[in-house]
Asker: 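Quick one: the structure is below, questions incoming.
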Amino acid sequence: MHAYKNSSQPKQKAELILKYGEIILQSNIDSAFACGKIGLNLATSIKDELLRAESFLLIGYAYEAQANYKNALTCFLKATEISKTLKNQGKLAQCYTAMGVIYWYQGFYEKAEEYYKKNIVICQQIGDINGMAASYGNLAILFDENGQLDSALIYYQKALSIFDPSTKPKQATACLDNMSLIYKQKKEYKYALLSNKESYKIREKIQDTIGMLASMNNLGSIFIAQNNLNDAIDISNRVLQLATRLGSKQDIKAACLNLRDVFELKKDYKSANQILNKLMMLNDSIRNIENANQIAELETKFKTKEKETELTEIKHEQLLREKENAERLRTKNYFISILSIIGVFILVISFLFYKRYKEKQQIADAISKKNQAIEKQKSIIDMAYHELSEKNKDITDSIRYAKRIQEAIFPTTTFFQSLFPKSFVLFKPKDIVSGDFYWAEEDKDGSVYVAVVDCTGHGVPGAFMSIVGFNLLNNAIHEHQCKTPADILNRVNHDLNEVLKQTEHESAIKDGMEISICQWNKSTNEFLFAGANTIIYKVSQDNIETIKGNKHPVGSFYGEALKPFHNIQLAIQPNDCFYLFSDGYADQFGGEKGKKYKYKQLENFLLNISKKEMTLQAQNLSQEFNRWKGDLEQIDDVCIVGIKI
């Protein structure tokens with residue numbers, strides 16, 4: 001309505017008010033009737049015949065809702081005459097359907113069927129599947145009233161297969177309501193209630209008040225068929241209140257019929273008699289002999305008018321042909337006269353086009369020279385791009401080969417499993433090569449060692465440091481005969497300083513490593529740990545303990561001398577689990593808010609999976625990491641080693 005009030009164009013105002021009237025027709029009949037009258041006045045003032053037809057249809061629908069069938073049919077006949085004059089087949093099909101409904105209401109079933117079939121013929125011609133579906137539904141109603149229930153269901157299903165509840169909710173709900181009544185007659189109450197419930201939900205969603213009343217009346221009749229009399233009374237009384245307020249006489253009549261049947265079944269003849277009196281008064285106002293005679297008279301007048309219109313159209317076509325022949329002769333003479341003028345005009349235009357062509361030719365030559373220069377520059381750029389791609393491929397191939405070298409020096413799975421039968425390794429490099437690595441070894445005394453190392457940086461620089469660190473760990477065991485984790489870290493700390501030529505005063509970059517290293521003497525069952533700025537987790541009997549190493553890494557300087565590392569001896573029991581790890585897993589960003597995973601969450605996750613098989617623990621850790629990371633980039637290398645005693 002806001003757009004209607006702001007519009008200054010009569011045609012637009014008429015279109016808007018009619019559209020608004022269609023929307024409110026199912027909830028406010030009087031307002032819809034007023035909209036149709038306003039639209040008709042506007043359409044008449046601007047002599048827009050199509051809008052006049054649409055106005056008559058809206059007014060007719062309002063009369064129909066009030067059970068004023070004579071006036072409704074009069075409006076539909078006027079809309080039909082206009083649609084025929086305009087040769088608007090779509091609008092004519094709509095008129096035929098509306099007229100068929102009126103005849104059905106009045107009990108003229110043969111006439112109703114005639115107009116429904118007329119609608120189908122037109123809809124097939126113009127490809128209007130929705131119009132066909134509407135007539136399928138209307139024909140189904142006729143089959144229903146003739147007792148042909150299976151045929152009625154078939155036609156309803158045909159209509160429902162075309163009507164999409166999201167785009168044609170009113171038509172779909174009408175089919176569902178009527179199908180529920182057929183299922184009721186067939187005593188298939190389950191399907192009757194399902195169809196009714198689906199219809200009511202759709203009508204409630206689109207706020208179709210009149211349609212909701214129809215669904216409620218149908219539900220009342222189903223309750224009666226099931227002998228659920230109290231529910232039938234409740235729903236019928238609700239319909240009476242709403243229908244009386246809206247002035248919908250057909251819904252009042254349907255509710256009264258339901259109440260009459262209920263009171264008769266309950267043998268409450270006094271209440272039944274009151275309802276019968278109300279029904280008689282209502283029937284007199286809705287459907288009487290005089291009204292039926294008036295409708296029959298209107299039908300006769302319409303048929304006569306239809307024949308007169310056909311004769312008028314034939315005469316009009318003859319006049320048009322004569323006028324067209326005269327027009328062709330005048331046109332021919334006109335073209336002969338004008339061709340000479342056009343000839344001169346063409347000569348002038350040809351000269352101008354030739355001149356324009358020469359100018360364009362000069363411009364094209366200049367553009368061609370510029371294009372040649374651009375092509376030359378493009379060729380140079382393509383060559384540079386090719387060279388860059390080749391170099392990038394060479395670099396990538398070299399890094400991939402470096403990965404093979406790095407993987408070759410790491411402990412094999414077979415060797416690692418021989419030292420620690422119950423164990424796993426989760427290794428996820430950020431780039432092709434990694435700055436994290438894991439190490440395992442056995443000394444001459446039968447002690448086995450395992451370490452997780454996080455070198456400064458990742459990618460190629462980290463990979464170089466990992467090779468240096470791996471060799472220093474091997475040298476500490478085999479050449480320098482180090483016997484404890486602390487001895488190994490102190491030796492690696494010293495040797496790394498020598499290898500990288502670091503001094504306290506000259507080194508501006510602190511190249512180093514964070515190392516967790518454990519020693520397990522299987523014969524004495526002694527377990528030692530030393531850490532360079534790292535921690536490990538110990539899980540024993542459903543408890544998890546954080547074991548902290550020294551708070552300085554390998555390769556960093558503090559004062560004038562390197563700080564030493566110390567051993568931590570741990571008491572162990574069968575099935576205790578130890579987890580060594582770099583910081584890549586806990587520092588990974590992810591989750592719903594894109595935050596770090598953090599050590600506390602890793603600690604809880606390891607405690608939850610600690611009783612599982614070690615290979616299954618590795619799978620769970622990998623899945624959890626991928627879930628947390630999601631679509632975000634991996635920020636660092638990840639390495640976790642788990643050992644079960």
Side-chain angles (χ1 to χ4, degrees), residues 26 64-65 67 97 100-101 103-107 109 112-113 116 133-163 165 168-204 208-229 231-240 242-243 248-262 264-265 275 279 286-287:
Q26 300 302 322
E64 178 188 328
T97 299
V101 171
Y103 286 124
W104 172 70
Y105 276 142
Q106 290 299 110
Y109 300 132
E113 184 177 353
Y116 293 156
S135 287
Y136 285 149
N138 290 328
L139 284 171
I141 294 172
L142 295 178
F143 282 123
D144 181 10
E145 294 191 347
N146 288 330
Q148 298 171 272
L149 302 183
D150 291 333
S151 297
L153 271 178
I154 291 170
Y155 273 94
Y156 280 134
Q157 286 163 353
K158 278 186 178 183
L160 197 57
S161 67
I162 296 173
F163 289 137
K168 296 288 182 181
K170 294 179 183 177
Q171 293 85 342
T173 52
C175 289
L176 288 166
D177 254 2
N178 291 329
M179 287 171 69
S180 73
L181 294 177
I182 291 178
Y183 284 126
K184 181 197 74 172
Q185 293 178 68
K186 297 180 73 173
K187 297 185 179 180
E188 297 177 8
Y189 300 123
K190 175 183 175 182
Y191 297 115
L193 289 170
L194 285 174
S195 298
N196 182 271
K197 183 178 180 182
E198 186 178 355
S199 168
Y200 186 85
K201 280 185 177 179
I202 296 170
R203 284 169 163 165
E204 186 177 34
D208 179 2
T209 309
I210 297 295
M212 289 164 64
L213 290 176
S215 295
M216 292 164 71
N217 271 323
N218 289 345
L219 181 59
S221 69
I222 296 170
F223 284 149
I224 293 169
Q226 292 179 300
N227 205 31
N228 192 351
L229 304 182
D231 287 343
I233 291 173
D234 290 342
I235 197 76
S236 298
N237 283 329
R238 285 172 58 197
V239 172
L240 273 178
L242 290 171
S248 178
K249 293 182 180 180
Q250 285 294 339
D251 291 307
I252 295 171
K253 177 181 177 181
C256 287
L257 287 171
N258 282 344
L259 286 171
R260 179 202 65 186
D261 293 342
V262 170
E264 286 180 355
L265 288 171
I275 292 297
L279 271 171
I286 293 178
R287 184 172 176 180

Asker: Does the pair E264 and R260 meet the rule for a side chain to side chain contact (heavy atoms under 4.5 Å, CB included), with working shown?
Answerer: CA-CA 6 Å; E264 286 180 355; R260 179 202 65 186; 3.8 Å; yes
Asker: Classify the side-chain pair S221/N258 by whether it contains a donor and acceptor separated by less than 3.5 Å.
Answerer: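 The answer is no; no qualifying pair exists.
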Asker: Give, for atom CZ of R238 and atom CG of L219, the distance between the pair rounded to the nearest 0.5 Å.
Answerer: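 It is 9.0 Å, given to the nearest 0.5 Å.
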Asker: Indicate the atoms forming the closest heavy-atom contact of I224 with L265, along with that distance.
Answerer: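 It is CG2-CD1, 3.8 Å.
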Asker: Side chains of residues 133-144: which donor-acceptor partners sit under 3.5 Å, not counting sequence neighbours?
Answerer:
residue	atom	partner	partner atom	Å
S135	OG	Y116	O	3.3
S135	OG	N119	OD1	2.5
N138	ND2	A134	O	3.2
D144	OD1	Q185	NE2	2.8

Asker: Looking only at heavy atoms, what is the nearest atom pair of D177 and G211, with distance?
Answerer: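 D177 and G211 have their closest heavy atoms at OD2-O, 4.4 Å.
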Asker: Does K197, at its NZ atom, have more than 12 non-hydrogen atoms belonging to other residues, nucleotides or ligands within less than 6.0 Å?
Answerer: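 No - once you tally the heavy atoms of other residues, nucleotides and ligands closer than 6.0 Å, there are 12 at most.
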Asker: Can you name the nearest heavy-atom pair linking A112 to W104, along with the distance?
Answerer: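 Scanning both residues, the minimum pair turns out to be CB-N, 3.8 Å.
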Asker: Can you name the nearest heavy-atom pair linking L240 to A255, along with the distance?
Answerer: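 Smallest interatomic distance, heavy atoms only, reads CG-CB, 3.9 Å.
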Asker: Passes side chain to side chain contact (heavy atoms under 4.5 Å, CB included), S236 versus V262? Steps please.
Answerer: CA-CA 10 Å; S236 298; V262 170; 5.8 Å; no
Asker: Identify the heavy atoms of Y189 and K184 that sit nearest to each other, and give their distance.
Answerer: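 Heavy atoms only, the tightest pair is CE2-O, 3.8 Å.
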Asker: Could you tell me whether a side-chain N or O of T173 sits under 3.5 Å from a main-chain N or O of S199, the two making a donor and an acceptor?
Answerer: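 No; judged by distance alone, with no hydrogens or angles, the pair does not exist.
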Asker: Would you compute the distance between atom OH of Y105 and atom CD of E64 and round it to the nearest 0.5 angstrom?
Answerer: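 The CD atom of E64 is 5.0 Å from OH of Y105, to the nearest 0.5 Å.
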Asker: Rounded to the nearest 0.5 Å, what separation is found between the CD1 atom of I252 and the CG atom of L242?
Answerer: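 With rounding to 0.5 Å, CD1 (I252) is 10.5 Å from CG (L242).
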Asker: Can you check whether D251's main-chain N or O pairs, donor with acceptor, with N217's side chain at less than 3.5 Å?
Answerer: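 Here the side-chain-to-backbone pair exists.
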Asker: Could you report the tightest heavy-atom contact between I275 and C256, atom names first, then the distance?
Answerer: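 Result for this residue pair: CG2-O, 3.1 Å.
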Asker: Out of curiosity, F223 CZ to L193 CG, how far, rounded to the nearest 0.5 Å?
Answerer: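 Answer for the CZ-CG pair, F223 versus L193, is 6.5 Å.
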Asker: Working to the nearest 0.5 Å, report the span between CE of M216 and CZ of R203.
Answerer: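 It comes to 12.0 Å.
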Asker: Could you measure the distance from the CG atom of N237 to the CG atom of L259? Nearest 0.5 Å is fine.
Answerer: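 Reported value, rounded in 0.5 Å steps: 5.5 Å.
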